[in-house]
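To start, the structure under review is shown below, and the notes come after it.
Counting starts at 1 for both ligands and their atoms, following the listed order. Small disclaimer: the values here were computed from a predicted structure and weren't measured.
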Amino acid sequence: MTKPLRVAIAGLGTVGGGVIKVLSERRAEIAARAGREIDCVAVSARDRSKVRPVAIVDIPWADDAASLAASDADVIVELVGGDDGPARALVERALSSGKHVVTANKALLAHHGASLAALAEEKNVSLRFEAAAAGGIPIVKALRESLIAYDVVAVRGILNGTCNYILTQMEASGRSFEDILIEAQRLGFAEADPTLDVGGGDTAHKLALLAALAFGIKPDLRNIPIQGISHITPQDIAFAREFGWRIKLLGVARRLGDRIDQRVQPSMVRLGTPLADVDGAFNAVVANAGEAGPFFFEGRGAGEAPTASAVLADIVDIARGNVSSVFGRPAGSLKAAAPALPQTLRAAFYLRFNVLDVPGVLAEIATHLAQSEISIESMIQRGQAVSIVMITHECTHEAVARALKVIAASDRVLGAPCMIPMEAG
Ligand SMILES: NC(=O)c1ccc[n+]([C@@H]2O[C@H](COP(=O)([O-])OP(=O)(O)OC[C@H]3O[C@@H](n4cnc5c(N)ncnc54)[C@H](OP(=O)(O)O)[C@@H]3O)[C@@H](O)[C@H]2O)c1
């Protein structure tokens with residue numbers, strides 16, 4: 001056997017703890033797959049005195065995570081998190097000193113992926129991040145190495161388990177977003193500060209990485225409009241079902257001519273399609289690989305075992321000597337994505353207006369929609385606090401936004417209207 005691969009691990013929380021556990025409990029099986037032993041030669045975390053669910057007493061400890069870059073490890077495994085601070089310092093130093101890096105850190109790569117990829121390439125080392133997008137689902141390897149014969153046309157994903165859990169529970173119970181969020185926090189499905197999850201930011205981080213892999217563009221969060229799920233009501237979910245759809249928070253990246261549309265927003269997915277059936281904290285991705293057709297991936301996007309599984313896959317790949325460019329193409333060839341032109345962004349929309357129960361309000365809404373050349377495919381009106389719900393024919397996002405701005409200003413319309421695009425396919 002070749003000499004052992006030496007890894008140093010920074011971060012011993014959910015993901016890091018899981019990785020150490022697999023490396024010790026499944027040592028022989030992993031070595032057989034890797035063709036060599038994998039030795040953990042150093043670890044770092046914030047608090048040395050913390051009781052850990054895994055044994056680390058025999059492993060040399062570093063107080064300063066970034067100092068691992070100067071250790072004798074071949075691979076630095078960064079599982080601290082955050083787009084700056086110790087995680088960024090460690091990854092930059094490790095790559096600069098010619099060490100391979102494995103990370104689960106989507107925030108870091110969404111912000112600095114292009115420059116880190118260039119640095120990895122310059123130093124001829126790997127920078128791997130399978131766990132960073134959709135956790136245990138092997139979508140990064142699939143986009144980087146497998147779905148390469150044809151141009152990928154679109155990637156659509158349920159990329160945040162917390163949001164999918166909340167939407168699933170809202171549908172099952174008819175309870176509000178706020179209620180379910182509190183319950184999710186109690187059950188450990190949502191963070192104490194859920195902003196990054198329910199606001200859509202976490203989905204955007206992952207989408208930026210998938211789009212980079214799929215389209216050969218630099219990850220760039222500035223090109224991703226982001227909307228979260230906090231405005232979705234149980235009524236929206238029930239109306240969606242009546243029309244034959246379900247509401248999911250999707251990250252969508254698709255090719256429109258030579259431009260790329262990227263967005264994170266609640267979207268209607270048609271009942272009976274694979275994404276509509278993804279329940280609870282699961283993640284899923286549909287990658288439409290051009291002539292090769294659509295491929296559907298589903299699995300656990302978070303948690304100790306799924307993320308450890310993805311991190312170990314990266315480590316074993318490096319142990320085998322597999323080197324491939326970070327985003328599947330030379331770093332210098334990654335383009336700045338040109339966002340889609342507004343007039344090319346078309347969809348049918350679900351629209352919900354809460355209105356005063358007075359004559360003429362429906363006609364007023366219809367008139368404003370018609371003035372923006374939006375036609376209505378179907379409509380439901382009901383409730384004591386009256387809701388008018390419509391599905392439009394395909395129109396531009398711009399036209400809907402313009403019409404809704406005018407309609408929202410009416411004193412017969414209560415609160416902000418809700419608009420949700422219907423995802424094709
Ligand atoms: N959890 C998941 O399911 C999941 C899924 C996919 C990707 N990820 C990504 O994986 C990474 C780790 O997530 P996690 O859930 O494992 O986080 P976590 O449970 O909060 O663990 C973070 C670890 O980093 C350590 N740490 C924090 N600040 C540090 C510092 N300044 N110097 C050294 N160590 C420091 C902590 O030390 P102490 O233990 O001493 O406090 C802890 O061991 C993040 O980038 C996250 O986005 C997580």
Exercise for the section: State if R52 counts as touching ligand 1 under the rule of any non-hydrogen atom under 4.0 Å. Expected result: yes

Completion exercise
Residue, atom and distance of the protein heavy atom nearest atom 33 (C) of ligand 1 read A45 C, 3.6 Å

Fill in the blank from the handout: Filtering I9, L196, V15, T103 for the heavy atom nearest atom 16 (O) of ligand 1 leaves V15

Handout entry: Heavy atom of protein closer than 4.0 angstrom to atom 43 (O) of ligand 1
Key = yes

Handout entry: S71 versus I76, closest heavy-atom pair with distance
Key = OG-CD1, 4.3 Å

Practice task
Before signing off on this row, confirm whether G301 and ligand 1 have an N or O atom pair separated by under 3.5 Å.
Solution key: no

Handout entry: Carboxylate-amine/guanidinium proximity below 4.0 Å for R175 and E183
Key = yes

Exercise for the section: Indicate, with yes or no, if the rings of H231 and F177 have centres closer together than 6.0 Å. Expected result: no

Exercise for the section: May I ask you to check whether S44 has an N/O atom sitting below 3.5 Å from an N/O atom of ligand 1? Expected result: no

Practice task
Please confirm whether the backbone N or O of T103 pairs with a side-chain atom of E78, one donor and one acceptor, at under 3.5 Å?
Solution key: no

Practice task
Without swapping roles, check the side chain of K335 against the backbone of I217 for a donor-acceptor pair under 3.5 Å.
Solution key: no

Exercise for the section: Before giving the answer on side chain to side chain donor-acceptor pair (under 3.5 Å), spell out for N354 and S387 the whole-Å C-alpha distance, their side-chain angles and the decisive distance to 0.1 Å. Expected result: CA-CA 5 Å; N354 291 342; S387 290; 2.9 Å; yes

Exercise for the section: May I ask you to decide whether R88 forms a salt bridge with E92, counting only side-chain N to carboxylate O separations under 4.0 Å? Expected result: yes

Problem - A131 touching ligand 1 at heavy-atom level, < 4.0 angstrom - result: yes

Exercise for the section: State whether the shortest distance between N or O atoms of G13 and N or O atoms of ligand 1 falls below 3.5 angstrom. Expected result: yes

Handout entry: Parallel, tilted or perpendicular, as decided by the 30° and 60° cut-offs, for the rings of F129 and F327
Key = tilted

Exercise for the section: Can you pull out the closest protein heavy atom to atom 12 (C) of ligand 1? Residue, atom name and distance to 0.1 Å, please. Expected result: L79 O, 3.3 Å

Handout entry: Salt-bridge present (R255, D261; N to O < 4.0 Å)
Key = no

Practice task
Give the atoms of ligand 1, by number and element, whose distance to some non-hydrogen atom of G81 is under 4.0 Å.
Solution key: 44 (C), 45 (O)

Problem - Interfacing atoms of ligand 1 (cut-off 4.0 Å, heavy-atom, D47) - result: 40 (O)

Problem - Carboxylate-amine/guanidinium contact D220 R222, below 4.0 Å - result: yes

Fill in the blank from the handout: Closest heavy-atom approach to atom 47 (O) of ligand 1 among E191, H205, K106 is made by K106

Handout entry: Close approach, G135 and ligand 1, non-hydrogen under 4.0 angstrom
Key = no

Exercise for the section: Could you check whether the rings of F189 and Y165 sit parallel, tilted or perpendicular, using 30° and 60° as the cut-offs? Expected result: parallel

Practice task
Would you kindly specify which portion of A104 sits under 4.0 Å from ligand 1, judged on non-hydrogen atoms: side chain, backbone, both or neither?
Solution key: both

Exercise for the section: Please determine if G11 has a nitrogen or oxygen closer than 3.5 Å to a nitrogen or oxygen of ligand 1. Expected result: no

Problem - Polar proximity ligand 1 side, T307 side, N/O cut 3.5 Å exclusive - result: no

Exercise for the section: Could you tell me whether atom 24 (O) of ligand 1 has at least one protein heavy atom nearer than 4.0 Å? Expected result: yes

Exercise for the section: Give a yes/no verdict on whether any heavy atom in G303 is under 4.0 Å from an atom of ligand 1. Expected result: yes

Exercise for the section: May I ask you to decide if A73's main-chain N or O and K99's side chain share a donor-acceptor pair within less than 3.5 Å? Expected result: yes

Practice task
Scan Q343, R402, Q265 and name whichever one has a side chain to side chain contact (heavy atoms under 4.5 Å, CB included) with H397.
Solution key: Q265

Practice task
Looking only at protein heavy atoms, identify the closest one to atom 27 (C) of ligand 1 and say how far it is in Å.
Solution key: R46 CZ, 3.7 Å

Exercise for the section: Start with the C-alpha distance between E37 and K3, add both sets of side-chain angles, then the distance that settles salt bridge (charged side-chain N to carboxylate O under 4.0 Å, His left out), and finish with yes or no. Expected result: CA-CA 7 Å; E37 303 280 341; K3 68 183 172 89; over 6 Å; no

Practice task
Output the list of atoms in ligand 1 that are nearer than 4.0 Å to some heavy atom of A302, sorted by atom number.
Solution key: 3 (O)

Fill in the blank from the handout: Out of N283, D63, V80, V311, the nearest non-hydrogen contact to atom 26 (N) of ligand 1 is supplied by V80

Fill in the blank from the handout: Counting heavy atoms under 4.0 Å, the part of K50 that contacts ligand 1 is side chain

Problem - atom 19 (O) of ligand 1 [closest protein heavy-atom partner, distance rounded to 0.1 Å] - result: T14 N, 3.0 Å

Practice task
Identify the protein heavy atom lying closest to atom 30 (C) of ligand 1, giving its residue, its atom name and the separation to 0.1 Å.
Solution key: P86 CG, 3.8 Å

